[in-house]
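Within every chain, numbering begins at 1; the chains are lettered A, B, ... in the order of the sequence lines, protein sequences first and strands thereafter.
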Amino acid sequence: MARILITSALPYINGIKHLGNLVGSQLPSDTYARYMRARGHEVMYICATDEHGTPAEIAAAKAGKPVAEYCAEMHEVQAELARGFRLSFDFFGRSSSARNRQLTQHLAKRLGENGLIEVVTEKQVYSKADGRFLPDRYIEGTCPNCGYDSARGDQCENCTKQLDPTDLINPRSAISGSTDLEVRETKHLFLRQSKLRDRLDAWIDSKKDWPILTTSIAKKWLHDGDGLQDRGITRDLDWGIPVQFPGAPWEGMEGKVFYVWFDAPIEYIGATAEWADANGLDDSAWERWWRTDKGADDVRYVQFMGKDNVPFHTLSFPATLMGSEEPWKLVDYIKSFNYLNYDGGQFSTSKGRGVFMDQALEILPSDYWRWWLLSHVPENSDSEFTWENFQASINKDLADVLGNFVSRVTKFCRSKFGEVVPEGGAYGAAEQAVIDEISTRLAAYQAHMEAIEIRKATAELRAIWAVGNEYLQEAAPWAVFKTDPERAGAIIRFALNLIRLYAVLSEPFIPDASRAMLDAMKTDVRDWPGDVSAALAELKPGHPFSVPEVLFAKITDAAREEMEERFKGR
RNA sequence: GGGCCUGUAGCUCAAUUGGUCAGAGCAGAGCGCUCAUAACGCUUUGGUUGGGGGUUCGAGUCCCUCCGGGCCUACCA
């Protein structure tokens with residue numbers, strides 16, 4: 001038994017996430033966590049809301065609420081959606097927690113003591129009307145290069161030219177539209193990542209098995225131009241983790257907070273500590289996952305994230321932990337994902353384009369979404385959601401191949417033998433062939449899950465389901481029953497056992513349907529099959545079962561067209 | 001501008017890292033079955049692997065070039 005620490009990238013607090021966000025980290029990490037638990041490993045699966053930063057303050061202001069209250073509410077909303085999608089976090093924390101504040105301040109202090117923090121005076125644009133410093137992106141104006149009138153302070157979206165906020169003609173606040181802006185001096189802490197470059201470089205080099213998407217981004221940042229740049233880790237905001245605290249080694253940091261990207265990954269640790277608190281456990285309970293001097297040296301730590309998160313997880317966060325010179329557990333494997341597009345374009349919150357998590361659950365049960373998203377997860381390149389593809393996958397894979405198999409077996413048995421596993425007859429060559437094929441495919445399925453090749457795993461799982469239909473066609477119990485009812489009974493006994501096995505193997509992907517299948521088989525035996533032959537003898541003759549409701553209803557053309565229309569955006 | 005990824009049957013994807021006639025699923029066609037959600041099974045039609053050039057005994061895979069798609073580029077998170 002291994003110990004596996006799994007973290008999903010933290011969803012940002014300012015609103016409900018769309019399916020692209022879901023598939024980029026939370027969903028695949030959940031499947032991986034469920035699989036590893038099913039295999040008997042000890043798993044700690046952590047996620048949290050990322051609550052600090054300018055967008056949170058703006059969203060709260062827009063909602064007319066204090067930011068703390070807004071975040072508390074949105075955290076609950078996101079937690080509820082996570083439950084709706086059956087995300088099996090051991091803990092869903094908050095980056096604004098006391099634990100994270102403590103840890104973030106502690107790590108910053110350590111970095112300071114180790115000479116890795118520098119105070120830098122910068123000039124930044126301040127908006128009097130908004131009463132805040134504006135990040136470059138929050139300043140808009142006319143592009144000096146192409147004349148586009150909504151260029152952002154960091155880059156013009158129209159001509160793609162890199163800009164400095166002071167380059168803009170007629171600059172204005174993107175928040176209020178105010179033109180009452182001025183450049184002010186402000187002091188910030190910088191993390192001297194450049195001093196850690198060689199250590200980070202060697203560390204990345206040692207990760208031979210990481211996806212190219214992960215390492216190439218890290219390498220680019222390490223070696224591009226002058227190499228890894230120092231990075232500001234504080235901001236002039238109200239909402240966040242205070243930089244000035246008892247024992248802080250810096251003066252003049254009153255009213256400043258740590259940059260959201262500094263404290264967000266630390267919340268992986270913070271949330272594990274929150275988990276311990278919530279369960280009445282002491283510090284050793286979470287430290288054995290995170291401190292290599294306190295038991296974490298045998299932990300395998302796997303992170304899941306979208307590609308936009310890679311630099312922070314390959315460089316900034318490791319720099320924070322390494323620079324502390326304390327024995328923190330570093331990530332062992334980073335699984336990064338590309339983006340999911342929506343029907344020929346991007347998901348867009350502002351344009352109401354695409355399906356968001358709350359809407360998805362209103363329309364269809366979570367298993368439908370889980371199955372489609374996981375079987376199309378953008379592992380190798382960006383992938384695309386289309387309603388036609390979604391409808392075809394659900395109807396064929398879930399309704400026809402799996403759902404209908406359960407239906408035909410249970411209904412046939414009920415009509416010929418009643419709602420109990422039939423007695424009599426014996427297994428023969430046909431059953432052995434099925435055992436052999438499933439054993440082979442199971443080994444492939446497991447190998448794909450170990451390698452976190454989610455798409456390949458779904459293809460193999462589907463093939464395992466299809467074996468059931470092939471077997472039934474070949475064995476033809478409806479014909480055999482007329483001449484040899486005992487043999488027909490054996491066939492159905494075997495098929496009912498297949499249903500139970502499918503429930504066990506499918507659980508990481510479609511947990512609700514898995515539960516429904518186990519309930520129908522009136523069993524709670526869901527041990528991972530070490531031996532397929534034994535697993536298919538679990539339900540004994542005379543064991544009762546029930547015919548379940550339709551496991552997966554088909555999506556009609558009319559329903560598909562309606563949804564297509566509803567989510568196409570403005 | 002720079003960097004990275006990507007282009008394989010109508011669609012969604014594979015191809016043991018340079019090695020048999022490039023494979024699956026869906027869609028299409030034909031046959032079979034009738035237990036089942038008009039479901040299932042079997043057979044089958046589709047590809048000069050974006051174009052061109054090169055290296056090699058051998059290229060989807062490596063190199064060059066052109067064309068198309070995408071991402072990142074450090075103050076959004």
Side-chain angles (χ1 to χ4, degrees), chain A residues 9-14 50 52-56 58 122 124-125 133-139 152-155 160-162 164-165 174 188 193 211-213 215-217 219-221 223-225 228-232 235-236 259-261 264 306-312 315-316 338-339 341 346 375-376 378-384 386 388-389 391-393 395-416 455-456 458-459 462-463 466 468-481 488 491-492 495 547 549-554:
Chain A
L10 309 187
Y12 197 68
I13 195 72
N14 72 340
D50 176 14
H52 297 137
T54 310
I58 293 171
E122 293 188 310
Q124 271 202 330
V125 174
F133 282 95
L134 297 175
D136 291 357
R137 287 205 175 199
Y138 284 91
I139 304 160
R152 291 190 320 222
D154 56 342
Q155 185 176 39
T160 73
K161 188 178 170 59
Q162 302 268 4
D164 195 80
H188 282 296
Q193 300 184 126
I212 181 89
L213 182 66
T215 50
S216 65
I217 292 173
K219 283 291 183 186
K220 168 70 160 53
W221 282 50
H223 297 296
D224 190 43
L228 189 61
Q229 302 295 298
D230 294 342
R231 200 172 175 115
R235 293 290 182 273
D236 289 290
Y259 176 36
V260 53
W261 259 117
K307 57 184 166 185
D308 52 332
N309 276 253
V310 168
F312 303 99
L315 303 169
S316 315
N338 286 286
Y339 291 145
N341 289 318
Q346 295 191 332
S375 58
H376 293 79
E379 279 174 318
N380 298 313
S381 61
D382 290 356
S383 63
E384 178 157 315
T386 65
E388 213 166 318
N389 189 307
Q391 178 193 27
S393 294
N395 288 356
K396 196 66 197 176
D397 298 349
L398 295 185
D400 293 348
V401 175
L402 178 60
N404 182 56
F405 176 75
V406 172
S407 188
R408 66 195 294 205
V409 170
T410 53
K411 286 182 180 170
F412 180 80
C413 187
R414 180 173 60 185
S415 75
K416 304 299 184 195
R455 272 190 192 230
K456 289 180 181 174
T458 60
R462 183 194 189 283
N469 285 313
E470 289 160 22
Y471 164 72
L472 274 192
Q473 188 64 30
E474 181 67 28
W478 50 87
V480 171
F481 183 79
I491 294 167
I492 289 304
V547 176
E549 295 293 305
V550 166
L551 275 184
F552 300 101
K554 290 199 184 197

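A stacking contact links A:W478 to B:C35: the aromatic ring centre lies within less than 5.5 Å of the base's six-membered ring centre, and the planes differ by less than 30°.
The shortest distance between the side-chain N/O atoms of A:K554 and the OP1/OP2 oxygens of B:A39 is below 4.0 Å. Between A:K307 and B:A77, a side-chain N or O to OP1/OP2 separation shorter than 4.0 Å is absent. Side-chain nitrogen and oxygen atoms of A:K396 include none within less than 4.0 Å of the OP1 or OP2 phosphate oxygen of B:U12. Distances shown here put a side-chain N or O of A:Y259 below 4.0 Å from the OP1 or OP2 atom of B:A77. Contact check, A:K411 against B:U37: a side-chain N or O comes under 4.0 Å of OP1 or OP2. Dashed line: the shortest gap from a side-chain N or O of A:R455 to OP1 or OP2 of B:G25 is not under 4.0 Å. Phosphate proximity of B:C35 to A:R408: absent, as no side-chain N or O sits under 4.0 Å from OP1 or OP2.
A gap of 22 Å separates the C1' atoms of B:G41 and B:G46, to the nearest Å. For B:G60 and B:A15, the C1' atoms lie 8 Å apart once the distance is rounded to whole Å. A distance of about 29 Å separates the P atoms of B:U65 and B:U20, rounded to the whole Å. Atom C1' of B:G7 sits at a distance of 6 Å from the matching atom of B:G50, rounded to the whole Å. For the C1' atom pair drawn from B:U12 and B:G47, the interatomic distance equals 16 Å after rounding to whole Å. Separation of the C1' atoms belonging to B:G2 and B:G19 is 37 Å when rounded to the nearest angstrom. The same atom, C1', is picked in B:A14 and in B:A9; the two are 13 Å apart, to the nearest Å. Across the C1' atoms, B:U8 and B:C13 are found 10 Å apart, a figure rounded to whole Å.
Distance alone, capped at 3.5 Å, is enough to place a donor-acceptor pair between the A:T410 side chain and the A:V406 backbone. The backbone N or O of A:G306 sits nowhere less than 3.5 Å from a side-chain atom of A:Y339 that would complete a donor-acceptor pair. Proximity of a side-chain donor or acceptor of A:Y259 to a complementary backbone N or O of A:G53 within less than 3.5 Å is not detected.
A:N389 comes within contact range of the sugar-phosphate backbone alone, with a heavy-atom separation under 4.0 Å but no base atom that close. Contacts of A:Y339 with the nucleic acid, taken as non-hydrogen atoms under 4.0 Å apart, involve only primed sugar atoms and P, OP1 or OP2. Among the protein residues, A:K220 comes within range of the nucleic acid bases, having at least one heavy atom under 4.0 Å from a base atom. If you check every strand for non-hydrogen atoms under 4.0 Å, A:V260 touches sugar and phosphate atoms only. Looking at heavy-atom distances under 4.0 Å, A:S415 makes no contact with the nucleic acid at all. A:R152 comes within contact range of no nucleotide atom at all, as no heavy-atom separation falls under 4.0 Å. Contacts of A:E384 with the nucleic acid, taken as non-hydrogen atoms under 4.0 Å apart, are absent. If you check every strand for non-hydrogen atoms under 4.0 Å, A:G53 touches sugar and phosphate atoms only. Here A:L551 lies in heavy-atom contact (under 4.0 Å) with a base. Note on A:E470: only backbone sugar-phosphate atoms sit closer than 4.0 angstrom, heavy atoms only; bases stay farther off. Residue contacts for A:F133: at a heavy-atom cut-off of 4.0 Å it reaches no nucleic acid atom on any strand shown. Residue contacts shown for A:P55 are limited to sugar-phosphate atoms, with no base heavy atom under 4.0 Å away. Counting non-hydrogen atoms under 4.0 angstrom, A:E474 reaches nothing in the nucleic acid. Across all strands, A:D397 comes closer than 4.0 Å to no nucleic acid atom at all (heavy-atom distances).
Distance check, rounded to the nearest 0.5 Å: CD1 of A:I217 to CZ of A:F312 gives 11.0 Å. The CZ atom of A:R235 lies 6.5 Å from the NE2 atom of A:H188; values are rounded to the nearest 0.5 Å. Rounded to the nearest 0.5 angstrom, A:D164 CG and A:D136 CG are separated by 6.5 Å. A:L472 CG to A:I492 CD1: the interatomic distance, rounded to the nearest 0.5 Å, is 6.0 Å. Atom NE2 of residue A:H376 and atom CG of residue A:N389 lie 4.0 Å apart, to the nearest 0.5 angstrom. Rounded to the nearest 0.5 angstrom, A:N309 CG and A:W261 CH2 are separated by 4.0 Å.
Contact of the A:N469 side chain with the A:R408 side chain is registered, since non-hydrogen atoms from C-beta on lie closer than 4.5 Å.
The base of B:C75 is paired with the side chain of A:Q124 by a donor and an acceptor separated by under 3.5 Å. Side-chain to base pairing of A:Q473 with B:C42: no donor and acceptor N or O lie closer than 3.5 Å to each other. The base of B:A36 is paired with the side chain of A:N404 by a donor and an acceptor separated by under 3.5 Å. Side-chain atoms of A:W221 stay outside donor-acceptor range of the base of B:A74, with no qualifying N/O pair under 3.5 Å.
Distances were taken from every side-chain heavy atom of A:V550 (C-beta onward) to each of B:U12, B:C75, B:U37; the shortest belongs to B:U37. Comparing B:U12, B:C76, B:A77 by their nearest atom to the side chain of A:R137 picks out B:C76. Listed nucleotides B:C4, B:G41, B:C75 differ in distance to A:S216; the shortest reach to its side chain belongs to B:C4. The side chain of A:K456 lies closest to B:A15, out of B:G41, B:A77, B:A15.
Listed by first residue number, the stems of RNA chain B with at least three Watson-Crick or G-U pairs below 3.5 Å are B:1-7 with B:67-73, B:10-13 with B:23-26, B:28-32 with B:40-44, B:50-54 with B:62-66.
Regarding the sugar-base torsion, B:U17 falls in the syn class, its angle being within 90° of 0. In B:G70 the O4'-C1'-N dihedral to the base is more than 90° from 0, which defines an anti nucleotide.
Environment of CD in A:E474: sparse, with no more than 12 heavy atoms of neighbouring residues, nucleotides or ligands closer than 6.0 Å.
Judged by closest nucleotide on RNA chain B, A:H376 is the one of A:A553 and A:H376 placed further toward the 5' end. Each of A:L10 and A:L402 was matched to the nucleotide of RNA chain B holding its nearest heavy atom; the match closer to the 5' end belongs to A:L402.
Rounded to an integer number of Å, the gap from A:D308 CG to B:C72 C1' is 10 Å.
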